[in-house]
Structures are given as C-alpha cells and as structure tokens.
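For reference, the structure discussed in these notes is given below.
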Amino acid sequence: MDQGLKIIRRLVFINILIKPHKKFFSQRRMSYDIDYETFTFYKKYRRIQVQDSTEPFLVDHWIVYIEPKESSLINSIIKSEFKESANSLRHLKRFLKAKKNDRDLLKVLICACDQINQEELEKILFGPLKRSRIEKVKAPLNKPFDKELNAEWSAKYWPIVWKGNPMIQELNESYKQFCEQKVHGYLKLISDLSRTSKGLPVVTIFVDPSTDQIMAQKFDLRDSSDIMRHSIMNCIGEIAKNELQRRQARPDPSAPTNYLCLNYHVYTTHEPCTMCAMALLHSRIGRLIYIKDSKRTGAIGVESGNKYMLHLSCSLNWKFESFKYIGDEFDVADIDPQINV
Ligand SMILES: [Zn+2]
C-alpha cells in the first residue's frame, strides 16, 4: 500500500479512537482534582452553581465613544473608578471599533447602568476625555452555554469573549485560585472556635486573600435587645469600624474608597440567611465557604430556603463564588432549622 495512504488511514483511525473520549483526555491532561459533574474540588468542596443558561439575562450598560488614541486613558479611568465591575464584565469585550460620521472611533463598555447615573458618569469621563458620547446598550450578565449561542448573543447584543465551554473554563479558573491548604486551615479554625461558643455555635471569619490576614472573626451575638447580630453582620461591622478608625487616624483623600470587603474570602460554619447573604453581596466579597447547610433559612444552596442562590443572582451587579464543605473532617453542631443564621 502507498505509504501516504497508510499514514492517512492511521490518522483517521486514531481520530475515531480518541474523539469520543476527548473530554476525558483533556481533563486528565490538566490533572486537576475537579469533579466536573458535581462541581466538586478535592472531593471535599462543592461549588454551588447552576448550568449555564440558554437565555440571556440582559442588563443596561453604559458605553462611551472615544478617539482611538484615548484608549490607554479610558483604561486607566476604568481601572481606578470602575474596579468593582471588572468581575461581572469579564466575559464581555470592552473595546469595539465603531464609525461615527465617517470617523474611526472606539466604543468602550464602562459598567452596568444601575451602578452609576449618567450625570455622575459624565463628571468622571468628560473632564479627561475629548468629544466623548455616552449611550446605553443591553448586554447579557450571564455567559452563553455554547459557541453558537455565543455568536448569536454577540451579534444581537454586545460581543462576548469565547474561551471554550464557560462552565469548564470557570471551574478551572476557580480551581486555580483555590488553595486547599489555606481553606483547610481556616475551616479547622472556625470548626474549633464553634465548639467554644457560649451562644449559637456559629462563627465567621473574613480573610483578605491578598495578604492572608484575618480581617474579622466573630461569633453570633444576637440577644433579645438586638436580634440582628448574626456572625456575618458582626464581622462586617467590625471591618467597617476598623476602616473608619484607620481613615480618621490617617486621612488620605487620594486613597481608593473601595467596597469594604472587596474580594475577601468568608469562612462560616453555617449557611447564611438572606440578610447576611445580601450583606455579603453588598460588601462585594469574592468567595464564601460554609460547613453546614441551613436547609430552611439559607439563601445560597441550590435547595436551600426559597432557592434564592443569592451569590449568583443575575439581577444584581455582583456575584461571588460559594462552596459547601462536604468532607468528613469538620463538623459543627446543628441548630434549630427555624433560626436564620
Ligand atoms: Zn444571617
């Protein structure tokens, strides 16, 4: 047989052999300890998420037209003034070529409209930028399930970055940021502390992952005089108090005024209630890990409470990752299922 034909047949054969197992091969090659069916890392940490949707969740966003030479200027404005929107806009293209009155311009996506009103946005942009014009566009807050849908939504609304199956991509990215050793240490700390509690066995710690510093560590302190003193609320209160003291002691008008807990990691013994989950969203945390479900009152788990899954709520312009610990090393005491944690 002709040598070339032999090689082609062999390649076709190898392709047929490998193709059905492509997913298997690609996952093995990465050697990540991820169960892609149950979204679980290291067999112990289940990421609380849903499959990517087939319907776009459209939200109004501000865009601005600029001269191409102003692109580095707008980049630095976005970095300093709209830092907190980077997370929720990561899947969208930021810069697009545009033509206005025969002039080559760029269209730049700034942020969701509910984040800032037009007047305030104009104040920020119109000083440094020449001849800029602001408009509203609809862009999806969620990522499409497959490449075809990605192309469809990109053509219809605003271009979306395609980096392969978004769910696998997101799990891989999340896994790369997940330091099991540190997570294990913090979970051990809260489960040990939980046993020493004089009230409800609920403990929370807030960690700044950029410095590994524990920013707050609090028990649940509710009593008849104040029923709102849930451990998460106490942590946020503590961080706010410390930040206020820092600002009063060392006033620095040029210091960035970020959200209080921007991208912090939160470790808590029991799944938070709706109030605490909303407080976590508003303080812009990056990740939550809890040990025990609050099946009746929780606002995070797929089956918890009213199935809010607040950390992924598309109607709000921030999301954070959430994990439930499913290993058997740490356990914390049950509490009355009626109690909002
Ligand atoms: Zn609560």
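Just follow the structure's listing: the first ligand is 1, and inside any ligand the first atom is 1. All values reported here derive from a predicted model rather than from experimental measurement. The figures that follow rest on heavy atoms only: side chains count, while hydrogens, waters and symmetry mates do not.
You'll find the ring centres of Phe323 and Phe178 inside the 6.0 Å limit.
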Pair up each side-chain donor or acceptor in residues 92-101 with any protein partner under 3.5 Å, not counting sequence neighbours, and list the distances.
unit_1: Lys99; atom_1: NZ; unit_2: Asp104; atom_2: OD1; d: 2.6

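The atom of His230 nearest to the Zn ion (ligand 1) is ND1, with the search restricted to N, O or S atoms.
Comment: Lys44 does not engage Asp328 in a salt bridge, judged by the lack of any side-chain N to carboxylate O separation of less than 4.0 angstrom.
Angle subtended at the Zn ion (ligand 1) by Cys273 SG and Cys276 SG: 110°, rounded to 10 degrees.
Backbone or side-chain N, O or S atoms of Ala277 do not reach the Zn ion (ligand 1) at under 2.8 Å.
Both the sub-6.0 Å distance and the 45° axial angle are not jointly satisfied by Arg47 relative to the ring of Phe39.
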